[in-house]
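Written below as structure tokens is the structure these notes are about.
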Amino acid sequence: LMAPRYRDCVSILLRNVINILDQQGFVEGKHFVLDKQLLELYLLDEYGQVKSYCVFRSADNPDCARGVSDVNFFIMDEAAVCKKMAFDATVPVLRGGDVDKTQIFLITSPRGIGNWVSELYGSEMVNAIQASVYDCTWMTDAQRDNFISMNQKIHSEAFFRQEILGEIIDISADSVYSSAEIDNLFGKKEFIDGDVIGGLDIGRKHDPCVLSI
């Protein structure tokens, strides 16, 4: 399992897997063993022997997947936020003497035309399952209506269609910035002392984000 950042692996993926195991009556130490330092989880059989395992890795360090093998499934969460280099570096783990059929699952909300995931979307080798917030079974009708109404008020039409309706569109079409420039906002860069030329003011009370120059 791979997530964009290390904290996503720990606070989201690993926590959710542990919760699912707990719901199924699995007990740590008896049914599974967790190595918190290596972020690896081992399922045990009735004799205490390892019968399968799950490795958690973050896409911000693709090299951390090197050396892993004997894997049947590769699941990348929030794939469109991850760099394609992380995907390319991790696919080779799907190998080993006991590996027969392999599958790759990319779970994500679209990041627009031009993102590496959207380029895979039209491939004949890809089985694409597209869904919107209307397909979410975790919400009541009232919760869904409130969620949609709130997002329609605070987001542009293009962003709403992308994030709420799950459409793959050119998100930069209604922006003065290109998709590549928007992606730069999500990256970390070394601080260089000098004049401040721009800042992102993020609203905390459901008001739209404002880019202040």
Side-chain angles (χ1 to χ4, degrees), residues 1-112 114-131 135-138 166 168 183 186-188:
L1 273 68
M2 179 171 281
R5 291 168 293 276
Y6 175 83
R7 66 180 183 183
D8 300 324
C9 288
V10 177
S11 63
I12 299 177
L13 289 184
L14 182 57
R15 184 182 64 182
N16 286 343
V17 168
I18 295 298
N19 287 339
I20 292 172
L21 291 174
D22 182 62
Q23 292 170 11
Q24 298 297 320
F26 284 64
V27 178
E28 185 173 1
K30 180 180 179 181
H31 300 107
F32 69 93
V33 176
L34 174 63
D35 188 325
K36 294 182 179 180
Q37 185 174 2
L38 295 178
L39 290 185
E40 298 180 358
L41 186 148
Y42 301 87
L43 290 177
L44 309 176
D45 62 19
E46 58 183 319
Y47 304 106
Q49 301 298 311
V50 176
K51 62 178 180 179
S52 62
Y53 67 98
C54 182
V55 177
F56 298 83
R57 293 294 185 263
S58 59
D60 53 4
N61 180 18
D63 287 339
C64 67
R66 298 188 185 279
V68 179
S69 61
D70 292 317
V71 174
N72 294 80
F73 302 95
F74 169 31
I75 304 173
M76 178 179 270
D77 191 31
E78 294 294 348
V81 183
C82 300
K83 294 181 180 179
K84 188 175 185 297
M85 180 177 64
F87 173 78
D88 293 336
T90 308
V91 169
V93 307
L94 299 171
R95 68 185 191 279
D98 295 328
V99 176
D100 183 13
K101 296 180 180 179
T102 61
Q103 286 185 300
I104 300 173
F105 297 89
L106 304 181
I107 306 170
T108 187
S109 59
R111 283 290 299 277
N115 184 277
W116 68 273
V117 175
S118 69
E119 293 175 352
L120 287 176
Y121 187 80
S123 171
E124 293 182 355
M125 297 176 61
V126 174
N127 179 25
I129 302 174
Q130 190 171 3
D135 301 300
C136 180
T137 59
W138 296 353
I168 299 179
D183 283 341
F186 296 90
K188 293 182 179 179

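Throughout, residue positions are numbered sequentially from 1 according to the sequence presented. None of these values were measured; they are calculated from a predicted model.
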Mind checking whether [X] and [Y] have side chains closer than 4.5 Å, heavy atoms only?
| X | Y | answer |
| --- | --- | --- |
| V117 | F87 | no |
| D8 | D77 | no |
| H31 | L44 | no |
| L41 | L21 | yes |
| R57 | E40 | yes |
| V93 | V55 | no |
| M76 | P4 | no |

Whether the side chain of [X] engages the backbone of [Y] through a donor-acceptor N/O pair (distance < 3.5 Å, no angle test) should be reported.
| X | Y | result |
| --- | --- | --- |
| D22 | I18 | no |
| W116 | C82 | yes |
| T90 | A65 | no |
| S118 | N115 | yes |

What do the steps show when you test C9 against M2 for side chain to side chain contact (heavy atoms under 4.5 Å, CB included), and what is the final call?
-> CA-CA 7 Å; C9 288; M2 179 171 281; 6.0 Å; no
Between [atom1] of [X] and [atom2] of [Y], what distance do you get to the nearest 0.5 Å?
| X | Y | atom1 | atom2 | value |
| --- | --- | --- | --- | --- |
| R5 | N61 | CZ | CG | 14.5 Å |
| I168 | E119 | CD1 | CD | 10.5 Å |
| Y42 | S52 | OH | OG | 11.0 Å |
| L14 | F56 | CG | CZ | 4.5 Å |

Which atom pairs, donor and acceptor, lie under 3.5 Å between side-chain atoms of residues 94-107 and protein residues at least two apart or in another chain?
| from | atom 1 | to | atom 2 | distance (Å) |
| --- | --- | --- | --- | --- |
| R95 | NH1 | V68 | O | 3.4 |
| R95 | NH1 | P92 | O | 2.5 |

If you count the non-hydrogen atoms of other residues, nucleotides and ligands that lie under 6.0 Å from CG in L38, is the total more than 12?
->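 Check passes, neighbour count above 12.
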Are more than 12 heavy atoms from other residues, nucleotides or ligands located less than 6.0 Å from atom OH of Y6?
->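 Result for OH/Y6: open.
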Side chain to side chain contact (heavy atoms under 4.5 Å, CB included) evaluation trace for L1 with F73 | CA-CA 8 Å; L1 273 68; F73 302 95; over 6 Å; no
Which heavy-atom pair separates A3 from L13 by the least distance, and what is that distance?
->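 Smallest heavy-atom distance, with atoms named: CB-CD1, 3.7 Å.
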Closest non-hydrogen atom pair between Q130 and G166, with its separation =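 Looking at all heavy atoms of both residues, the closest pair is NE2-O, 2.5 Å.
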